[in-house]
Amino acid sequence: MKKVFLIGTMIAIIGSNFSYGQKQMQLTLNLNKLGVKVSPTLYGLMTEEINHSYDGGLYGELIQNRIFKDNDKLPAAWSKLEESSDNYSIGLNHQNAINKALTVCLKVNVEKQDKSAGVYNTGFWGIPVKPNTTYKGSFFAKASVTSPTPIKVSIESKDGKTIYASADISLNSKDWKKYRYNLQTDKDIAETADTRFVIHTPGAGDYYFNLVSLFPPTYHNRSNGNRSDIMELLKAMNPSFLRLPGGNYLEGNMFSERFNWAKTLGDLSQRPGHMAPWSYRSSDGMGLLEYLEWCEDLNMDPVLAVFAGYTLNRDHLDAGPFLQPFVNSALDEIEYATGDVTTKWGKERAKDGHPKPFKLKYVEVGNEDGFDRSGSYDGRYAQFYKAIKAKYPQLEVIATIGGKDNLGMRERLTLQRPDVVDEHYYRTASEMESDAGHYDNYDRKGPKVFVGEWATREGSPTPNFNAALGDAAWMTGMERNSDIVVMSCYAPLFVNVNPGAMQWKSDLIGYNTLNCYGSPSYYAQVMFSNYKGDEVVPVVGSNIAMQMQQLSKKELDRGLKAKEIPAVFYVATRNSKTGTIYLKFVNTQSIPQQVKIDLQGANKVNKNGALIMLKADSAEETNSITDPKKIIPVKGTIDGLGKDFVRTFPPYSISILQIETK
Ligand code: AHR
């Protein structure tokens, strides 16, 4: 889609937008009259198990279906090494539970000694083989055969012809026992994911396996940790908080499938996992403690969403005694995160290896409760709010309705004024650009706003540059109004780009087993989050370039008429200590935009400054797993700055001018 530039001139514009008869676009920054403070928590992250965000994503585990619960009938993701062999069989076994969590295991029955007998796991679309790497593995096993029984584990090519790493293990118990092993690759192998993980069981007899696990090196070397490459991408976003654990994932399709935090704690052998709402099971390897440690690793504050008695199948509990156990559970959850070691749940956390309490400022009650048409959220929110405030008066309690988004407006909260309301916006670029001034006229006396999910949804699996332009336009509005918009986070954050892994298109960061990349929208956020001051500088724009709204088919069918909207977007902030001004300018058009910039009230302006720019040749351009860095921000020095100066911003660009003033 080519965007159309509209400002009134009949003369064809080639190479510059400024021509005879057309008035100079101008931005006047008023440094005499500084605006509101920029919220230090404006930019953060939102997360949930969707699109294989954790299992097959950020969470380091490489074995798919490690506790054999993904399918009731078959050991999903596991296969016989020699499919056609009648000499041995594999299957699920329910007679050899290890404990209440590990109730089903894999049984391999080998009739006669057979060197081709064994099973393999496909991993999450392959096992990522990298040179000179140590993979740490473990499993529970028992064997009916005479002990000790030699077996071998390995990472191999899919055809079994290349062994990248292997280890011999001697099974020496007829009862369940945990075995550990390391798999070490050579330094001169080439990276590949055309691989599988194999357990060779050549001797005759019955073998049982459970919790089969394999980890690559993880971020900060955490034992149950995260993929380093994705963590590095997140770190570059400089996020101030993490909204966890959802999203729909918090609620589950039904009560028994909610995020039941207490079942995600402790040793992996105690975690049963659960069916998640995005069509696959969660291992719960990414449990409550792992989320909190993820926050710790990136210096983010957790924004803890607690289950609030409403599920995606529209089941709910009204406020009252039946809801109270869930309120109590939320209080326990908060205690697990923040209590010292003398508290019941603080002690549990210490037992789990983290005696130090985590910082917590925000708790969110539920997710998108505007979908609950029973009207029960008013009472449910009030019940949670009162209990949380009574025990933790310092916490800010976020409501999921009461805001001005479509869902939030479905119901009013009458029983309890929320501290903060969570608003969600999923839109096209044109919708974002049409509504970039959304927060300009918000009631400053109302609750603060958390834009807890938002995205311009153009491009799949990750957004294209047009989406990044829509996002950037929207972010100028949030930043300008960050006295009221205290936090914001894009959603969804992650997508595994392998076929079949995605449930929701347009996700900020994409990856496969070996590599990851940021979309143009990701880089727009990196820029906005890293280059900002602590106070807003009011900007008055004149002769602003305009464009025609792009209405969707649905809107056209509803009889809506496209109107003129701005074609460029901007916001300025200043660092009050250093005097540095950050002027963000978004050109959504296919032609350059020349702008006169006036720094009203500046005493001294350095003529040299910096320019950070993200741009594309077309609105459809994008990054991908095979071309991950096509569109990335470039930083350079510029000169010619002063109290007033003229700059031309290229087509399809997001720019930040860093101007030093005294
Ligand atoms: O971000 C994807 C989904 O969108 C979230 O799980 C849900 O809260 C929203 O509807």
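No more than 12 heavy atoms of other residues, nucleotides or ligands sit less than 6.0 Å from atom CG of Asp86. Atom CG of Asn132 sits in a crowded spot, with more than 12 heavy atoms from other residues, nucleotides or ligands closer than 6.0 Å. A 6.0 Å sphere centred on NZ of Lys263 holds no more than 12 heavy atoms belonging to other residues, nucleotides or ligands. For Asn182, the CG atom is densely surrounded, since the number of other residues' heavy atoms within 6.0 Å is greater than 12. Heavy atoms from other residues, nucleotides or ligands lying under 6.0 Å from NZ of Lys158 number more than 12. No more than 12 heavy-atom neighbours from other residues, nucleotides or ligands sit within 6.0 angstrom of NZ on Lys235. Lys347 NZ: 12 or fewer foreign heavy atoms inside a 6.0 Å radius.
Tyr426 and Glu453 share a donor-acceptor pair across their side chains, judged by distance under 3.5 Å alone. Of the N and O atoms on the side chains of His354 and Glu293, not one donor lies less than 3.5 Å from an acceptor on the other residue. The closest side-chain donor-acceptor pair between Ser269 and Asp267 falls under 3.5 angstrom. Residues Asn172 and Tyr179 bring a donor and an acceptor atom of their side chains to less than 3.5 Å of each other. Checked by atom type, the side-chain pair Tyr280/Glu49 shows a donor-acceptor distance below 3.5 Å. With no hydrogens or angles considered, no side-chain donor-acceptor pair links Asn623 and Tyr522 at under 3.5 Å. Between the side chains of Ser283 and Tyr54, no donor-acceptor pair is found at a separation under 3.5 Å. Donor-acceptor pairing under 3.5 Å is recorded for the side chains of Tyr59 and Asn224. Defined by atom type and a distance below 3.5 Å, a donor-acceptor pair is missing between the side-chain atoms of Asn367 and Thr400. Asn313 and Asn253 form no side-chain donor-acceptor contact under 3.5 Å, judged by distance and modelled atom types alone. In this model, a donor atom of one side chain and an acceptor atom of the other lie less than 3.5 Å apart for His200 and Glu156.
The residues Arg271 and Glu61 are annotated as not salt-bridged, no charged nitrogen and carboxylate oxygen being separated by less than 4.0 angstrom. Using a cutoff of 4.0 Å between basic side-chain nitrogens and carboxylate oxygens, Glu348 and Lys351 are scored as salt-bridged.
Between Trp345 and Trp261, the ring planes are perpendicular. Angles over 60° get that label, and only those under 30° would be called parallel. A perpendicular orientation is assigned to the rings of Phe326 and Phe255, their planes being inclined by more than 60° (bins at 30° and 60°). A parallel orientation is assigned to the rings of Trp294 and Tyr291, their planes being inclined by less than 30° (bins at 30° and 60°). Between Phe259 and Tyr249, the ring planes lie tilted relative to each other; the angle falls in the 30° to 60° range.
Nearest heavy atoms, Ile632 versus Leu614: C-CD1, 3.3 Å. Here the closest heavy-atom approach between residue Lys73 and residue Leu92 is recorded as C-CD1, 3.6 Å. In terms of heavy-atom proximity, Ile63 sits nearest to Leu214 at CG1-N, 3.7 Å. Tyr219 approaches Ser228 most closely through the heavy-atom pair N-OG, 3.2 Å. Ala165 and Gln184 make their closest contact through CB-O, 3.3 Å (heavy atoms, listed as atom of the first residue, atom of the second, distance).
When Trp125, Phe494, Tyr511 are each tested for a ring pair (Phe, Tyr, Trp, His ring centres under 6.0 Å) with His52, only one passes: Trp125. Asp507 pairs with exactly one of Asn51, Asn496, Thr462 by the side-chain hydrogen bond (donor to acceptor under 3.5 Å, both in side chains) rule, that one being Asn51.
In summary, the aromatic rings of Phe209 and Trp78 are positioned with their centroids too far apart to meet the 6.0 Å limit. The six-membered or imidazole ring of Tyr181 lies near that of Phe139, with a centre-to-centre distance under 6.0 Å.
Contact check for Asp422 versus Arg243: side-chain heavy atoms found under the 4.5 Å cut-off.
Summarising the geometry, atom CD1 belonging to Ile509 is positioned 7.5 Å from atom CG belonging to Leu45; distances are rounded to the nearest 0.5 Å. Between the CD1 atom of Ile90 and the NZ atom of Lys107 there is a distance of 12.5 Å, given to the nearest 0.5 Å. Between the OG1 atom of Thr311 and the CG atom of Asp372 there is a distance of 9.0 Å, given to the nearest 0.5 Å. Between atom OG of residue Ser173 and atom CZ of residue Phe140 there is a gap of 12.0 Å, rounded to the nearest 0.5 Å. Taking CG of Asn71 as the reference point, atom CG of Asn65 lies at 8.0 Å (rounded to 0.5 Å). Ser154 OG to Asp168 CG: the interatomic distance, rounded to the nearest 0.5 Å, is 10.0 Å.
No donor-acceptor distance shorter than 3.5 angstrom exists from the side chain of Thr218 to the backbone of Asn226, with no hydrogens or angles considered. Although no hydrogens or angles enter the test, the distance criterion places no donor-acceptor pair under 3.5 Å between the side chain of Asp114 and the main chain of Ala204.
Judged by the 6.0 Å distance and 45° axis criteria, Lys142 is positioned over the aromatic ring of Tyr208.
Screening residues 297-307 for salt bridge (Lys or Arg N to Asp or Glu O under 4.0 Å), with sequence neighbours left out, gives Arg222-Asp297, Asp301-Lys359. Within the structure, salt bridge (Lys or Arg N to Asp or Glu O under 4.0 Å) pairs that include any residue of residues 513-525 do not occur (at least two apart or interchain).
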